[in-house]
Structure formats: C-alpha cells, structure tokens
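When reading the values below, keep in mind they use all heavy atoms of this one structure, side chains included, and skip hydrogens, waters and symmetry mates. Just so you know, ligand 1 is whichever comes first in the structure, and atom 1 is the first atom listed for that ligand.
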Amino acid sequence: MSVDPVASLILDEAGPLSGRVFVLDDVDGALTREAVRQGADVRAWCDDVRDQAQLPRAHVFDGLGSEDWVPDTVLWRLPRAVSAVEDTAETLACWLRPAGRVVAGGRTKHMTPAQNDALGRAFHDVRASLGRQKSRVIHATGAHPVHPRWPMRRHLPEVDLTVVARGNVFHTNRLDDGTHLLLRTLGRILPPPTGPTPPPTRGIAIDFGCGSGIIAAWLAVRGFAVSGIDVSQQALQSTRMTAAVNHVSVGTRRSDGFGRTPAGGADLIVSNPPFHRGAAKDSTPSLEMIERAGDVLRPGGELWLVFNSHLPYLPALRRHVGVTTIEARDRTYLVTRSLKQPESPEV
Ligand SMILES: C[S@@+](CC[C@H](N)C(=O)[O-])C[C@H]1O[C@@H](n2cnc3c(N)ncnc32)[C@H](O)[C@@H]1O
C-alpha cells in the first residue's frame, strides 16, 4: 500500500522504530501499521472518531498522559490550528521523559512558524526537517512540563455563558458569528429564564456538532435535556467543561453523524453544522445530518440551523425535514427553521 508524502517523511525522519511508540492523529493508520511492522510496542489515538476508525483496533489507546505507559517516540500528524498544536504539546511535555522525542509532520502549506513556537514552549529542542514533496517534519526533544494554557475559558456576555475549550475545537473559546446569529434568533422564542426559579422542562434537544458546547449549554440553561454530538474527543471534553462551569448538565456522544440516536426522540435539533473536514471544505456531513434529522425529530419537532448562505441546504431541508423558513440572514449566514410535519390524525 502506498504511503502519503507526510506519513512517508515522518517515517523516514523517525528512522528505525523500536521501544514504545505513540502515534497521534494518524488519519489513515499508515504510521501505526508501519510501526507495528517494525516490531515496536505501538499505541495510537485520533481526536476525530472517523480517523480513529482507520487504526488497527488492537492498538487504539485512550491513555494520553497515562503514567503506566510512557512512550519513547511520538509520531504525530500535526493539526493545522496552532491552538491545537499548543494544547497537545503541553500534554505531551508532561507525559514524555526528557529523552523522549516527537516527530511531527504536515503539509508545508498548512505549517507556520507559530507551530514551532507552540512546540518550543514545551520542548527545549525544536528543529524543522528539509521539505520533501510539499511536506515537512518538526523534531522536538527535551520535554519540560509547562504551566498549561489549555483548556482556556472566556465569558461571553453576548450569550451570557462562560465557555471552556480545548485547543483542537472550532473557534476554541470564542463565539462564532454564525453561532451568535443563530442564538440571537432562537432567543426570540426561547428567552433566558428570569429570577431564581428553574426554567420549565422543555423536552429533548440535540446540539449536532457541539464543539465547545456553547449551543448545548445555552439550551440547557433554558430547560432542555441536551445531548451534544461531535466527532472530536476534545470537543466533547470542552462541552462537558462548558456545561459544568455554567451549572447545567449536558450529555455527550462521540459519533460521526447521529449514529444510534433513536428515531422520533428529539423535540429540537440546533446546529452550526460542519463545513470542513481538516483543511478541506466538505458539506457531506451536513447534508447527511439533514437527511437523518427528519427521522430523529418527533412529529412537530424543529431543526434550527445556521449556515453560509451559498451552501445548498434549503432543498435538502425541505425534502428531508419539512416546511423550512428563513428566520434571519446577514451578509454571510442564513438561520433556518424546519418543522417536522406533525402526524396527520387517523381517519
Ligand atoms: C462549525 S463547528 C460548530 C461548533 C459549535 N457548535 C459552535 O457553534 O461553536 C461544527 C462541529 O461539527 C463537528 N463535526 C464535524 N463533522 C461531524 C460529523 N460527521 N458528526 C458529528 N460532528 C461533526 C466538528 O468537530 C465541529 O465541532
């Protein structure tokens, strides 16, 4: 099987693999399989559940930071966001011994000096390889524990919530403009509770693609029993922290799409749906979500979305969910409300 240029450069720069090797965000499992073939003691983890599904099952390990198994070498496909590099570098620096090494690679066009700086906060020696086939590797050794910056919290007065986020989460601890427009619009029919009395119990809601959990916490404050769904483990960790700091409870599920969400179980789905996968624009997960939303909603339930106005979601919303209205728009976004047709009475 051919290995892509990034994985190939990481393997060449790492040299022969032995001892304990931890493989991080190995999107197609190629690094993990090669390290196993060379006879190393290999464990692997991906933040995105879709990438994790590509790993050989026996080597999947959710123990980043565990004291029982400390790697000698980390092979890492770098994320693009500097915040994500910084967050993981902090964790690795607390985990590795000073002699441990990180061999991290990516596409040159997605790499910036700020990523070296992020690694440099947690490792004494950081150096970049020569580029090859538009790819590059960073070597980091000399791990030293740092005062962690991540997770980061921030109060968002616009939505009266505090958000707590890991570094590999959409917009980290900030409020996305689309999410803000969505919540402002939904707030017209779901105002915040007033006074010390708890809000009325409103039903079951899903925040699809919950990220840092802003939408999930906002709905929970208003009395919904909320589940947040996301492919990313760091997103779900962030959602749980955001819920806790706002004194509400939110369930979380790591899933690609609705997964095993029962049919007819939700009164409300609210989402700022995904439009990227890694560096690439991709509307497929959102269209698949819309296709299943009609099934997941109870009759009379509603799907509220915000999305970039050029995206082709309106026909799909009308076909798979029901009557769809545009509730707000600005220069970039549309906010839509789709009503799942109530069941017609038996005659
Ligand atoms: C545009 S962000 C919105 C995040 C957050 N709800 C907000 O408003 O700030 C979309 C989220 O969807 C998640 N996501 C991407 N593909 C997904 C899929 N197939 N199933 C579930 N979640 C997905 C991403 O990890 C990301 O957190």
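No salt bridge links Asp26 with Arg77; every basic N to acidic carboxylate O contact stays at or beyond 4.0 Å.
None of Arg132, Lys134, Arg107 except one satisfies the side chain to side chain contact (heavy atoms under 4.5 Å, CB included) rule with Pro5; the exception is Arg107.
Contact of the Val3 side chain with the Leu31 side chain is not registered, since no non-hydrogen atoms from C-beta on lie closer than 4.5 Å.
A donor-acceptor distance shorter than 3.5 angstrom exists from the side chain of Trp95 to the backbone of Ser66, with no hydrogens or angles considered.
Scored by the salt bridge (charged side-chain N to carboxylate O under 4.0 Å, His left out) test, Arg337 finds Glu302 as partners (sequence neighbours excluded).
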With the criterion set at N/O pairs under 3.5 Å, what does the list of contacts between the protein and ligand 1 look like, atom names and distances included?
{"residue": "ligand 1", "atom": "6 (N)", "partner": "Gly209", "partner atom": "O", "Å": "2.8"}
{"residue": "ligand 1", "atom": "6 (N)", "partner": "Cys210", "partner atom": "O", "Å": "3.4"}
{"residue": "ligand 1", "atom": "8 (O)", "partner": "Thr179", "partner atom": "OG1", "Å": "2.6"}
{"residue": "ligand 1", "atom": "19 (N)", "partner": "Asp256", "partner atom": "OD1", "Å": "2.9"}
{"residue": "ligand 1", "atom": "20 (N)", "partner": "Ser255", "partner atom": "O", "Å": "3.4"}
{"residue": "ligand 1", "atom": "20 (N)", "partner": "Gly257", "partner atom": "N", "Å": "2.9"}
{"residue": "ligand 1", "atom": "25 (O)", "partner": "Asp230", "partner atom": "OD1", "Å": "2.6"}
{"residue": "ligand 1", "atom": "27 (O)", "partner": "Asp230", "partner atom": "OD2", "Å": "2.7"}

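For Arg318, the CZ atom counts as densely surrounded, since its 6.0 Å shell holds more than 12 non-hydrogen atoms of other residues, nucleotides or ligands.
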